[in-house]
There are 2 protein chains.
Amino acid sequence: MLTNALSPAQSMPARGFRAEEFEPHGLDEHWSGAPVRRLEAKEHIFTEGDQRTHIYRVEKGAISLYKIMPDGRRQILGFAYPGDLIGLGACEEYKFNAQATKLTELKGLRWAAIQNSARHDPELALKLYEAISLELAAAHDLLLSTGQRSALERVAAFLLAMSRRGGGRDRVVVNLPMTRADIGDFLGLTIETVSRTFTKLRQLGIIGLAQSASVHVLDIGALQELAEGGRA
Amino acid sequence: MLTNALSPAQSMPARGFRAEEFEPHGLDEHWSGAPVRRLEAKEHIFTEGDQRTHIYRVEKGAISLYKIMPDGRRQILGFAYPGDLIGLGACEEYKFNAQATKLTELKGLRWAAIQNSARHDPELALKLYEAISLELAAAHDLLLSTGQRSALERVAAFLLAMSRRGGGRDRVVVNLPMTRADIGDFLGLTIETVSRTFTKLRQLGIIGLAQSASVHVLDIGALQELAEGGRA
DNA sequence: CGTCAGGTTGACGTCTATCAACTACGGTGG
DNA sequence: CCACCGTAGTTGATAGACGTCAACCTGACG
């Protein structure tokens, strides 16, 4: 029911929430009229410190949300998939950057409008509250990964979480709309370690790697065991 | 203005929010009537999976919020100080454990009551939304630490964040109401690494360590540089 | 066919975990 | 009063996991 990033034992998409299940009802009408915006890969929706004018909903593609340090180190906080909302944080400025990982379409709503509605519509306000509390749960799960899990465990947890995105739970074929660099910066690993770990999982017969962007999950049980530290 | 855990460049307490600045006005009246509950060190308020019956406000002491893996690895998500709220997540069950790090007092409010009020009071609902979005920002900052920063950088960022708790900004004497083990599990380090890093900071003349629970910040500029990766 | 971004693999280095010994402190009880 | 014990913290030696540097491969695209 929740929307955690790296919680393989639970049943949640990796960030934000599935529109059909959790979208604030009070937002539906607003979205229908909103114009579609198209982004090329690597194009930004907004960057940290920008005035927080809109909230966005991903229609197609995928968005990475990330923070970056002065020396270039980057931490991806999550990936937003179609149906996910972006920019819910209640503050004057965006607190992170949002960038398309591939060709992406999204809709935007003026925050001022949402805020006005919410001031007279407790239902809507509570929906915002619920939506963001799902994001918090996702952040907490990712925190458990980056803080405590080994590289193998992190990648296993990541693949499990990804296998549960996009509706059908525990899909055999998982599509990864992001690069190895993105995965690395999400999990707190380097490109090389991510690549090596994928290879190890393939050698163990747990996954298949037809193309690098498409993973076949062959043994989901093993993946779950690994993610929970069943064996190091 | 925000409440981030490890964002030394910004000015926020480590988790939750300062009551006098951010507490939902609609909650004030509720709290005044609530009974005080006293907890010994290591006593739990609730554990993961418990029915989410109350939200709590810390009055004295400190609470650690943590997740734990089957094999005992623990990730502390944050520390709640006096004025901070606990258990805001919008779901049926608590998603983490809450445990006193020392003798602590807190007040609790039945969630059902808050929820009922919020359904008719958009102001209150929006306050909940704002409160939890601050927690999300805190989680994101911690994520940047555990995912990207070195041990030295993490401890520097942690000390900076702690120096900004408790009202007076950039206090020279910082009190740490948690053990080295707690700090380690918060930052994704071991006790030994935390201890060694404190020693290194002392040898560098950046902090003073009279007692292990009380840190004197001697050179806050150096701490900031370290936290942002100024020099590795 | 050349170029470039993305991905894989190998050799090596290093940061931090692990294992272990030791100190300091506080409480408890003889 | 002091011996004893448990918890917390520090420090040292060692090992291992992951990062770094580098070569190479692949596929897309002009």
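Chain identifiers are assigned alphabetically (A, B, ...) following the order of the sequence lines, protein sequences preceding nucleic acid strands; residue numbering begins at 1 within each chain.
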Given atom NZ of A/K200 and atom C1' of D/dC18, what is their separation to the nearest angstrom? 10 Å
Rounded off to whole Å, could you give me the CZ-to-P distance for the A/F198 and D/dC18 pair? 15 Å
Expected output: side-chain A/D71 to main-chain A/R73 donor-acceptor under 3.5 Å: yes
For B/L187, is there any backbone N or O sitting under 3.5 Å from a side-chain donor or acceptor partner on B/R154? yes
Over how many whole Å does the gap from B/E40 atom CD to D/dT7 atom C1' extend? 16 Å
Would you list the protein and nucleotides 4-7 of chain C atom pairs, both N or O, that sit under 3.5 Å from each other?
from, atom 1, to, atom 2, distance (Å)
C/dG6, OP1, A/K42, NZ, 3.4
C/dG7, OP2, A/R180, N, 2.9

Can you tell whether the side chains of B/D182 and B/R74 come within less than 4.0 Å, N to carboxylate O? yes
Going 5' to 3' through nucleotides 23-29 of chain D, assign each nucleotide B (protein heavy atom under 4.0 Å from a base atom), S (under 4.0 Å only from sugar-phosphate atoms) or - (no protein heavy atom that close). -------
Sidechain-backbone polar pair: A/N97 side chain, A/E48 backbone, donor-acceptor under 3.5 Å: yes
Over 60° means perpendicular and under 30° means parallel, so tell me whether A/Y56 and A/Y94 are parallel, tilted or perpendicular. tilted
Please identify which of these residues, B/R57, B/R165, B/K107, meets the salt bridge (charged side-chain N to carboxylate O under 4.0 Å, His left out) condition with B/D84. B/R165
Side-chain donor or acceptor of B/T104 paired with backbone N/O of B/A62 under 3.5 Å: yes
Could you write nucleotides 11-22 of chain C as a row of B, S and -, 5' to 3', where a protein heavy atom under 4.0 Å of any base atom gives B, of only sugar-phosphate atoms gives S, and otherwise -? B----SSBB---
B/K67 side chain vs B/K95 backbone, donor-acceptor pair below 3.5 Å: yes
Assess whether side chain to side chain contact (heavy atoms under 4.5 Å, CB included) is satisfied between B/I63 and B/F79, documenting all intermediate values. CA-CA 6 Å; B/I63 301 288; B/F79 299 101; over 6 Å; no
I'd like to know if the side chain of B/E135 reaches the main chain of B/I132, judged simply by a donor and an acceptor atom lying under 3.5 Å from each other, with no hydrogens or angles considered. no
